[in-house]
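Following: one structure in structure tokens, then a few remarks.
Protein chains get the first letters and strands the later ones, always in sequence-line order, with residue 1 at the start of each. None of these values were measured; they are calculated from a predicted model.
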Amino acid sequence: MSAYKSELLDVLASRGFIHQVSEPEALDALARSSKITAYIGFDCTAPSLHIGNLMVIMLLYWLQQTGHRPIALMGGGTTRVGDPSGKDETRRILTDQIINENLRGIRAVFAKFLKFGEGPGDAVMANNADWLNSLNYIDFLRDVGRHFSINRMLSFDSVKTRLDREQELSFLEFNYMILQAYDFVELNKRYGCVLQMGASDQWGNIVSGIDLGRRMGTPQLYALTCPLLTTSSGAKMGKTAAGAVWLNADMVSPYDYWQYLRNTDDADVVRLLKLLTVMPLDEIGRLAALKGQDINEAKKILATEATAMIHGRAAADAAAETARRTFEEGALAQTLPTIEIARTELDPGLSVLAAFVKAGLVTSNGDARRQIKGGGIRVNDVAVTDEKMALTQSQLTPEGVIKLSLGRKRHVLLKPV
RNA sequence: GGGGGAGUGUCCCGAGUGGCAAAGGGGGCGGACUGUAAAUCCGCUGGCUUACGCCUUCGUAGGUUCGAGUCCUACCUCCCCCA
């Protein structure tokens, strides 16, 4: 299939993970003859990683599966600076407290994909705050800064696009690249790390690290990037009305996560199966042969397998079953997202508007009114036409709940307690 | 230090130079059609309100005016030219 001889690069290439590789032949040979150590950095800009980060986590997963050692590097230090890559505007400067909270939220997800420990193939969790926070400015400039050419740095996309668009790039951010380059060298010293991976927008930063390594006397370092996770129409994946598709269960429930993937475009299903699940390629090949409405089978498998990766098999199966009952049987699945209200709220009658706001299906009463006008709001599967309608005990189904729906797909159960 | 330009609906881009809840896109949400798809078509896309209407919104703070996104002053931020 692929031209690579090492299992690592062969797997990555055949599943569609490779966008660019530096010196592919040399890296291929190295990965074939030895266990290599590779890292990916994750900045702590949010309390959870999102589905767009999932692909690079899978890079670490396959690295470990093919016998090598992954390092998940938390950007406790670099987040204090802020990566300008791919950003139009300066990032808000985060407080150390927020960074630390974010770090805690992000760190947990890796245990689901990697085996950490002290053994030779076990994954390592590192934090660049450990070496960046204590740097001495003048020493750093003399030891590291002298190897960087401003002329060259200005030519990198992350810098150039800002300058071209006449958007400001602060000196703080300008230094991000240098710190990331330094991380690579530091990880080489500490762990013998020779490969840095990341999404394609990280190429410039990674290559800077390789250059720095050469000047500071590390062994040859390598870069490997994967494409950004996009839909076939080119849009970045992971944005919905409700916000990003986070990986932490308390921010996006397993059911919603399942639903997100279930609604994948036809054109993306096979690609996402390769990228976001660990299903063998020949099985994916069978699913790829499905046509027309049968593609829905592949989408369900994609949703379940990918959900199982991060939320566990049981949660994935439960989400699949909830969806099956709701969409295929039209039945009321008790496992739909549920919000509880005080039973007494129903006695005087709870306005539909308030109920939908409470359920989080709409953002305001006005929003609810508009949706009612557009025919998008249903109670117990009956379209609501009167915005003054009140919900009372008489609307309770035999199961003791009231089903609120926005559109065909989004349902919430209102449960009096 | 001097001169010139810019900041618009908190998702984004962008028209608007005295009557504006503010054109037009994109995105998003809803409806129709389908397969919980895509494409297409239609509607919606500041808050409160049954409604008349009220409130908040065009970098920030003042001012002129019956009325300010629009004019004036100061300030903030960014860009360009000169020193």
Side-chain angles (χ1 to χ4, degrees), chain A residues 50 84 86-90 92-93 160-174 230-245 255-273 287-288 290-304 307 319-331 333 336-337 349 351-354 356-357 359-379 381-390 404-412:
Chain A
H50 56 79
K87 294 296 259 185
D88 286 346
E89 295 170 3
T90 302
R92 201 162 54 85
I93 293 185
K160 207 168 57 176
T161 55
R162 284 281 186 93
L163 297 180
D164 288 349
R165 300 183 65 180
E166 300 188 350
Q167 250 132 6
E168 101 138 341
L169 176 72
S170 69
F171 183 66
L172 177 75
E173 296 172 284
F174 188 63
T230 55
T231 64
S232 57
S233 48
K236 266 194 195 178
M237 263 185 82
K239 291 287 184 192
T240 68
V245 180
Y255 173 76
D256 287 335
Y257 190 80
W258 194 95
Q259 279 296 327
Y260 180 78
L261 289 163
R262 171 64 182 81
N263 285 299
T264 300
D265 289 8
D266 284 7
D268 295 323
V269 177
V270 171
R271 198 164 49 89
L272 293 183
L273 279 166
L287 294 174
L290 296 173
K291 292 278 182 269
Q293 140 172 15
D294 292 338
I295 294 175
N296 284 327
E297 290 312 309
K299 291 185 187 179
K300 288 181 218 166
I301 291 168
L302 167 65
T304 303
T307 304
E321 176 59 13
T322 299
R324 193 185 65 76
R325 274 197 230 157
T326 304
F327 290 98
E328 294 178 28
E329 294 183 359
L336 281 170
S351 97
V352 239
L353 305 181
F356 274 80
V357 171
L361 290 171
V362 296
T363 57
S364 66
N365 288 358
D367 188 13
R369 285 197 181 91
R370 285 193 287 273
Q371 293 294 0
I372 287 172
K373 284 202 187 82
I377 277 188
R378 282 169 296 138
V379 171
D381 297 316
V382 178
V384 174
T385 51
D386 176 11
E387 57 187 60
K388 282 180 289 185
M389 174 179 163
L404 308 179
S405 307
L406 175 67
R408 294 254 167 270
K409 296 180 189 175
R410 301 172 60 201
H411 310 281
V412 169

Legend entry - Separation between the P atoms of B/rU57 and B/rG4, rounded to whole Å: 31 Å

Legend entry - Contact list for residues 293-304 of chain A, test salt bridge (charged side-chain N to carboxylate O under 4.0 Å, His left out), sequence neighbours left out: A/D266-A/K299, A/E297-A/K300, A/K300-A/E328

Legend entry - P spacing across the pair B/rC48 / B/rC11, given as an integer number of angstrom: 15 Å

Inset, instruction - With P as the reference atom in both, quote the distance from B/rU70 to B/rC20 in angstrom, rounded to an integer. - result: 14 Å

Inset, instruction - Check side chain to side chain contact (heavy atoms under 4.5 Å, CB included) between A/A383 and all other residues, then give those that pass, not counting sequence neighbours. - result: A/R378

Inset, instruction - Could you give the distance separating B/rG16 and B/rC76 at their P atoms, to the nearest angstrom? - result: 28 Å

Inset, instruction - Mind checking ring-ring contact (aromatic ring centres under 6.0 Å, His included) for A/Y257 and listing every partner two or more places apart, or none if nothing turns up? - result: A/H311

Legend entry - Candidate nucleotides B/rU36, B/rA38, B/rG30, ranked by approach to the side chain of A/K409 - the nearest: B/rU36

Inset, instruction - Could you list the residues that satisfy salt bridge (Lys or Arg N to Asp or Glu O under 4.0 Å) with A/R325, not counting sequence neighbours? - result: A/E321

Legend entry - Flag for A/T264-A/D268: side-chain donor and acceptor within less than 3.5 Å: no

Inset, instruction - At under 4.0 Å between heavy atoms, which parts of nucleotides 47-56 of chain B does protein reach? Answer with one letter per nucleotide, 5' to 3': B base, S sugar-phosphate only, - none. - result: SSBS------

Inset, instruction - Please evaluate the base of B/rU36 for a donor-acceptor partner in the side chain of A/Q259 within a cut-off of under 3.5 Å? - result: yes

Legend entry - Out of B/rU36, B/rA38, B/rG30, whichever nucleotide has its closest atom nearest the side chain of A/D265: B/rA38

Inset, instruction - Please measure how far the C1' atom in B/rA22 lies from the corresponding atom in B/rA15, and state the result in whole Å. - result: 10 Å

Legend entry - Pairwise P distance for B/rG25 and B/rG19, with rounding to whole Å: 23 Å

Legend entry - Selected nucleotide, minimal atom distance to A/D266 side chain, candidates B/rG35, B/rG31, B/rC29: B/rG35

Legend entry - Partner set under salt bridge (Lys or Arg N to Asp or Glu O under 4.0 Å) for A/R370, not counting sequence neighbours: none

Legend entry - Pairing partner of B/rU40 (Watson-Crick or G-U wobble, both distances under 3.5 Å): B/rA32

Inset, instruction - Under 4.0 Å between any heavy atoms, over every strand shown, what does A/R262 touch: base, sugar-phosphate, or nothing? Just pick one. - result: base

